[in-house]
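We count residues from 1, following the sequence as given. FYI, side chains are in, hydrogens and waters are out, and symmetry mates aren't considered; it's all heavy atoms of this structure.
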Amino acid sequence: MSRTRPINCIIPPYILDKLLDSEDREVRQAALDTLLVTARLRGERAVRASLAGAAAPGHGRRTVFDCEQEESLPGAVLARPEDGPESADPSVNKAFDALGVTRDFYKEVFQRDSIDGRGMRLDGYVHFGFQVNNAFWDGRQMLFGDGDGKEFGNLTGSLDVVGHELTHGVTDHLSAFEYHNQSGALNESMSDVFGSLVKQWSLKQTAEEADWLIGVDVWTPGIDGDALRSMKDPGHAFNNPKFGKDPQPDRMSKFIHLPDTKRGDFGGVHFNSGIPNKAFFLTAARIGGFAWKAAGTIWYESLKASSADDQFQDFAGTTFQKAGELFGAGSPEQSAVLSAWQEVEVPVRGVPTGVARVQSFAVNGNGGAGREDGLAAVTRQIGALNDKVTGLAKEVAALKVTR
């Protein structure tokens, strides 16, 4: 059954709900206004979805508008076009640059022509509303709030936030993961994965060098070292009196069951995305090097091959299959994919019979057996199975000849 896709925003509802209980009246008001704006944008997107046709190609050209703290996009002022000069407003320039880096990442790494693959123009609206604590992808453009200046900084200040939101558009045009329950958590995870890769690619960081944090630049400027989410360590992105402890699970035995409603985060999509997020981090860390090259390619090709209602197990099987197609059966890359999903307790479909469970091995010095031992074991197992199949085929061919 087809469902209306809600407005995509970087700040999950449970964070804003916490702010409604703040002792600071301005913080409470900003949170309430943000929730109301989100609800209105959701309604507008639902109406547009019933009327919209294909987006006009624009060669990925960027245009940034200034809403001047109003919520009306038609009334926004042109601030910087693709070929225009740099603006005196840092928010305009940050949005312009982040849109360009994300566009160039998809172009250079995956040969994708903008969000829709057909040169979709990239429009950004800064200073959207008064102290709005969020950044939005509404299906056509990016909207950036200024934040309340206390719990949130200006939302143009985080490259991984922009990469996250634009990736929702990429997902819409590829798998179109339905935004509820496990498929919705996969949708959110894809945005975290590629949002983080955009930042890593821009900084030329290896998987080991990257922080694997989402939103660290814009959330709680007064608290060092915390973030909205941690892909490396879901459940440990933050822990403070204002917001409590990060609720994200990092494995299926900790899966959070919530109602499939707006209030229930559509079945916990922002919570349970921690599980596939951790699987990607483990894959990238075990392969090593630049995460966008091998792990990123496996995930991107799997996103292209996925269906809207796929569950974690479906996507895990697709990544295992794509890793084999791209790098070979039994390759270290495929072995890393298999062990990563097994560590987060998601069964992997399509694993040849006879390939034993891969034990957890160390990532950055934490837990399990050694990396080389784990990879070597599974590679030997899959290689032995392939040799056996080859041997049987030769025996059958020999029998045919003798007959």
Side-chain angles (χ1 to χ4, degrees), residues 2-11 38 41-42 44-49 51-65 73 82 95-126 128 134-144 155-156 158-180 183-199 201 214-215 266 269-270 273 292 296 299-304 306-308:
S2 179
R3 299 165 59 96
T4 299
R5 192 167 302 281
I7 190 80
N8 298 117
C9 47
I10 188 67
I11 311 301
T38 305
L41 291 173
R42 183 179 295 113
E44 290 177 359
R45 184 173 188 183
V47 171
R48 277 205 316 273
L51 303 173
H59 305 293
R61 290 177 61 84
R62 297 163 290 176
T63 308
V64 178
F65 300 87
L73 300 190
E82 179 68 44
F96 185 86
D97 292 343
L99 291 171
V101 171
T102 305
R103 174 197 64 189
D104 295 347
F105 165 80
Y106 275 105
K107 182 69 173 179
E108 294 187 26
V109 177
F110 303 122
Q111 294 74 57
R112 185 171 186 81
D113 188 6
S114 191
I115 301 306
D116 62 352
R118 299 188 297 274
M120 181 180 182
R121 60 179 295 159
L122 300 177
D123 292 340
Y125 290 79
V126 301
F128 175 74
N134 230 325
F136 309 90
W137 168 257
D138 74 349
R140 295 192 305 187
Q141 57 249 326
M142 277 288 304
L143 316 178
F144 299 92
L155 274 298
T156 61
S158 177
L159 178 58
D160 52 56
V161 164
V162 178
H164 173 106
E165 291 304 317
L166 292 181
T167 297
H168 278 303
V170 174
T171 298
D172 287 349
H173 288 281
L174 293 178
S175 70
F177 283 135
E178 293 286 359
Y179 203 75
H180 66 120
S183 59
L186 284 170
N187 192 311
E188 278 299 324
S189 178
M190 294 304 104
S191 284
D192 279 352
V193 163
F194 292 103
S196 182
L197 291 184
V198 167
K199 181 170 72 172
W201 180 77
I214 304 297
F266 300 98
V269 299
H270 287 96
S273 58
W292 62 86
W299 253 244
Y300 180 72
E301 292 300 322
S302 298
L303 181 60
K304 289 166 59 178
S306 295
S307 300

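The two residues A135 and V161 have their closest heavy-atom pair at CB-CG1, 4.0 Å. Between V170 and I115 the shortest heavy-atom distance is N-CG2, 3.5 Å. Pairing each heavy atom of L122 with each of S114, the nearest pair is CD2-OG, 3.7 Å. Across all their heavy atoms, F144 and A95 have their closest contact at CE1-CB, 3.8 Å.
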Requested in this report: In sequence, state the C-alpha distance, the side-chain angles, and the governing distance for Y125 and F65, and then conclude on ring pair (Phe, Tyr, Trp, His ring centres under 6.0 Å).
Outcome: CA-CA 5 Å; Y125 290 79; F65 300 87; 4.8 Å; yes
**Report entry** Stepwise side chain to side chain contact (heavy atoms under 4.5 Å, CB included) check, Q141 with L73
**Finding:** CA-CA 10 Å; Q141 57 249 326; L73 300 190; 3.6 Å; yes
Report task. Apply side chain to side chain contact (heavy atoms under 4.5 Å, CB included) to the pair F128 and N134, showing each step before the final yes or no. Result -> CA-CA 9 Å; F128 175 74; N134 230 325; over 6 Å; no
Query raised in the report: V109 and Y300: side chain to side chain contact (heavy atoms under 4.5 Å, CB included), yes or no, with the steps?
Result: CA-CA 10 Å; V109 177; Y300 180 72; over 6 Å; no
Query raised in the report: For T167 and V193, what are the C-alpha separation, side-chain angles and deciding distance, and is it a side chain to side chain contact (heavy atoms under 4.5 Å, CB included)?
Result: CA-CA 9 Å; T167 297; V193 163; over 6 Å; no
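Note that CG of L197 is 8.5 Å distant from CH2 of W292, once rounded to the nearest 0.5 Å. How far CG of L159 is from OG of S196: 10.0 Å, rounded to the nearest 0.5 Å. Atom-to-atom distance recorded for T38:OG1 and N8:CG is 11.0 Å, nearest 0.5 angstrom. Residue L303 holds its CG atom at 12.0 Å from NE2 of H173, rounded to the nearest 0.5 Å. The structure places CG of L166 at 8.0 Å from OH of Y106, a figure rounded to the nearest 0.5 Å. Taken to the nearest 0.5 Å, the NE2 atom of H59 stands 11.5 Å off from the CD atom of E82.
No side-chain heavy atom of T171 sits less than 4.5 Å from a side-chain heavy atom of L186. Looking only at side-chain heavy atoms (C-beta outward), W201 and D104 come within less than 4.5 Å of each other.
Ring orientation note: the planes of H168 and H164 are nearly perpendicular, at an angle over 60° on the 30°/60° scale.
Applying the salt bridge (Lys or Arg N to Asp or Glu O under 4.0 Å) test to pairs two or more places apart or on separate chains, none has a residue in residues 105-114.
Distance alone, capped at 3.5 Å, is enough to place a donor-acceptor pair between the S183 side chain and the H180 backbone. Judged by distance alone, the side chain of E165 and the main-chain N or O of W137 form a donor-acceptor pair under 3.5 Å. Judged purely by atom type and a 3.5 angstrom limit, D160 uses its side chain to pair as donor or acceptor with the backbone of G215. A side-chain donor-acceptor contact under 3.5 Å links R103 to the backbone of G60. Looking only at distances, no side-chain donor or acceptor of S189 sits under 3.5 Å from a matching main-chain atom of A185.
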